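Keep in mind it's a predicted model, so treat the numbers as computed, not measured. Numbering of residues begins at 1 and proceeds along the displayed sequence.
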Amino acid sequence: MPSAPRHERLIVALHWLVALSIVALLGIGWYMVGVPQRTPARGFYYNLHKSLGILAAVLIVALIARRLTRRSPPLPDSMPGWERKGAHLGHVVLYLFMVLSVIAGYLTSSFSRFGPKFFGIPLPHWGWDDVALREKFAAAHRILALVFAVLIAVHVAAALKHLLVDRDGVFQRMLPRRSAAPSRRP
Ligand code: HEM
Ligand code: HEM
């Protein structure tokens with residue numbers, strides 16, 4: 001199997017931490033809205049979701065900042081130009097959904113009397129208690145999450161196609177390296 005140059009360790013670590021937190025946020029988010037209102041369980045899951053969302057936001061900012069200061073290694077020549085452009089565009093869209101989902105979530109809780117919190121620590125309110133506005137941001141947050149989940153499914157399918165069908169080493173670019181040895185080039 002060809003060994004394409006890999007992503008650096010920091011990008012790999014941040015990618016998997018962000019991926020894990022987003023999958024958890026989607027799962028907890030969809031679960032918590034079905035928990036009966038005014039129960040301790042609902043408060044618990046909402047607070048967990050908000051705290052994890054803030055943690056994800058920090059990781060997302062770190063990932064984007066690192067990515068903006070460092071180019072990705074080139075994709076293999078075996079990939080046609082349109083596929084390389086498509087992969088790049090797809091990644092930009094994923095970054096956009098990360099940022100928009102966090103902002104919409106933060107605004108949703110900012111326009112509620114409970115407010116955004118990080119493991120019990122109250123965070124700046126970007127709004128006030130307003131049911132109508134809260135509902136608008138919650139609807140935006142809900143739609144973003146649904147489209148995001150579809151995009152993630154497409155992304156995972158593309159990654160698996162590289163692993164199982166193309167076998168071009170692109171999947172391995174995002175795996176942790178075993179040793180500190182420099183990446184081999186074809
Ligand atoms: C919530 C889930 C995920 C999100 C939001 C996400 C997001 C991203 C983003 C934005 C990139 C581009 C990195 C760059 O800037 O170069 C990327 C790359 C990659 N992702 Fe994911 N990812 C997720 C889950 C996964 C999963 C589950 C897999 C494996 C099955 C995977 C495999 C890969 C691979 C192989 C690359 C490298 C592609 C390349 O080198 O061009 N991702 N991911
Ligand atoms: C990438 C980050 C995020 C993802 C993927 C995500 C995902 C979700 C999902 C799937 C739901 C359930 C939507 C529904 O079906 O009604 C939800 C609800 C919610 N999220 Fe997030 N979330 C993220 C970040 C955040 C952040 C940072 C906050 C606040 C600090 C937040 C606050 C909320 C609140 C308050 C709700 C409940 C909305 C309602 O009651 O209708 N989320 N989120």
Side-chain angles (χ1 to χ4, degrees), residues 7 9-68 72 87-131 133-160 171 173-176:
H7 289 275
R9 279 160 194 267
L10 183 60
I11 293 277
V12 173
L14 287 171
H15 169 269
W16 290 111
L17 286 173
V18 166
L20 204 68
S21 52
I22 288 175
V23 170
L25 280 164
L26 289 171
I28 297 169
W30 282 319
Y31 175 75
M32 73 187 189
V33 290
V35 175
Q37 297 205 349
R38 288 178 208 88
T39 58
R42 191 170 167 102
F44 170 80
Y45 286 113
Y46 267 63
N47 282 325
L48 180 64
H49 181 84
K50 291 186 217 172
S51 307
L52 205 59
I54 300 298
L55 206 62
V58 174
L59 294 167
I60 289 165
V61 169
L63 177 58
I64 293 177
R66 187 63 187 165
R67 204 37 200 81
L68 287 176
S72 265
H88 180 71
L89 184 72
H91 294 159
V92 171
V93 172
L94 285 173
Y95 284 125
L96 193 71
F97 270 78
M98 291 181 209
V99 173
L100 291 179
S101 298
V102 167
I103 294 174
Y106 199 92
L107 284 169
T108 305
S109 40
S110 280
F111 285 93
S112 128
R113 69 197 157 94
F114 298 111
K117 282 196 197 87
F118 183 67
F119 294 108
I121 306 163
L123 296 175
H125 249 89
W126 287 355
W128 53 93
D129 190 10
D130 187 324
V131 179
L133 265 178
R134 199 196 94 85
E135 262 315 306
K136 283 201 173 65
F137 287 120
H141 191 49
R142 193 175 308 137
I143 292 164
L144 281 166
L146 277 172
V147 180
F148 201 2
V150 173
L151 293 172
I152 290 168
V154 173
H155 173 68
V156 172
L160 292 178
F171 186 91
R173 288 154 59 95
M174 207 37 112
L175 293 183

Where is the tightest heavy-atom contact between [X] and [Y], given as atom of each residue plus distance?
X    : Y    : value
G115 : K50  : O-NZ, 2.9 Å
R42  : V35  : NH1-O, 2.7 Å
P36  : T39  : O-OG1, 2.7 Å
S110 : P124 : OG-O, 4.3 Å
F119 : S51  : N-OG, 2.8 Å
L25  : A56  : CD1-CB, 3.8 Å

Gap separating the [atom1] atom of [X] from the [atom2] atom of [Y], nearest 0.5 angstrom:
X    : Y    : atom1 : atom2 : value
L107 : R134 : CG    : CZ    : 12.0 Å
L17  : I22  : CG    : CD1   : 11.0 Å
R67  : H7   : CZ    : NE2   : 7.5 Å
D130 : E135 : CG    : CD    : 11.0 Å
L133 : K136 : CG    : NZ    : 6.5 Å
H141 : L146 : NE2   : CG    : 11.0 Å

Any pair counted as ring pair (Phe, Tyr, Trp, His ring centres under 6.0 Å), so long as it reaches residues 93-112, sequence neighbours left out
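Sorted result for residues 93-112: F97-F148, Y106-W126, F111-W128, F111-F137.
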Please list all pairs passing the ring pair (Phe, Tyr, Trp, His ring centres under 6.0 Å) test where one or both residues lie in residues 36-62, with sequence neighbours left out.
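Matches after skipping sequence neighbours: Y31-Y45.
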Please identify each residue that fulfils side chain to side chain contact (heavy atoms under 4.5 Å, CB included) with L175, with sequence neighbours left out.
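Side chain to side chain contact (heavy atoms under 4.5 Å, CB included) list for L175, sorted by chain: F171, Q172.
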Suppose we screen for ring-ring contact (aromatic ring centres under 6.0 Å, His included). Which residues come up paired with H125, at least two apart in sequence or across chains?
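So H125 forms no ring-ring contact (aromatic ring centres under 6.0 Å, His included) with any residue.
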Using the ring-ring contact (aromatic ring centres under 6.0 Å, His included) criterion, which residues pair with H88? Sequence neighbours excluded.
none
Reference residue L59; test side chain to side chain contact (heavy atoms under 4.5 Å, CB included); the match among L20, I64, L14:
L14
Mind checking what makes salt bridge (charged side-chain N to carboxylate O under 4.0 Å, His left out) contact with R113, not counting sequence neighbours?
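R113 satisfies salt bridge (charged side-chain N to carboxylate O under 4.0 Å, His left out) with no other residue.
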Given side chain to side chain contact (heavy atoms under 4.5 Å, CB included), test M174 with I11 step by step and report yes or no.
CA-CA 8 Å; M174 207 37 112; I11 293 277; 4.1 Å; yes
Applying side chain to side chain contact (heavy atoms under 4.5 Å, CB included), run through V92 and L96 and close with a yes or a no.
CA-CA 6 Å; V92 171; L96 193 71; 5.6 Å; no
Considering residues, nucleotides and ligands other than K117, do more than 12 of their heavy atoms fall under 6.0 Å from its NZ?
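Yes, the 6.0 Å shell around NZ holds more than 12 heavy atoms from other groups.
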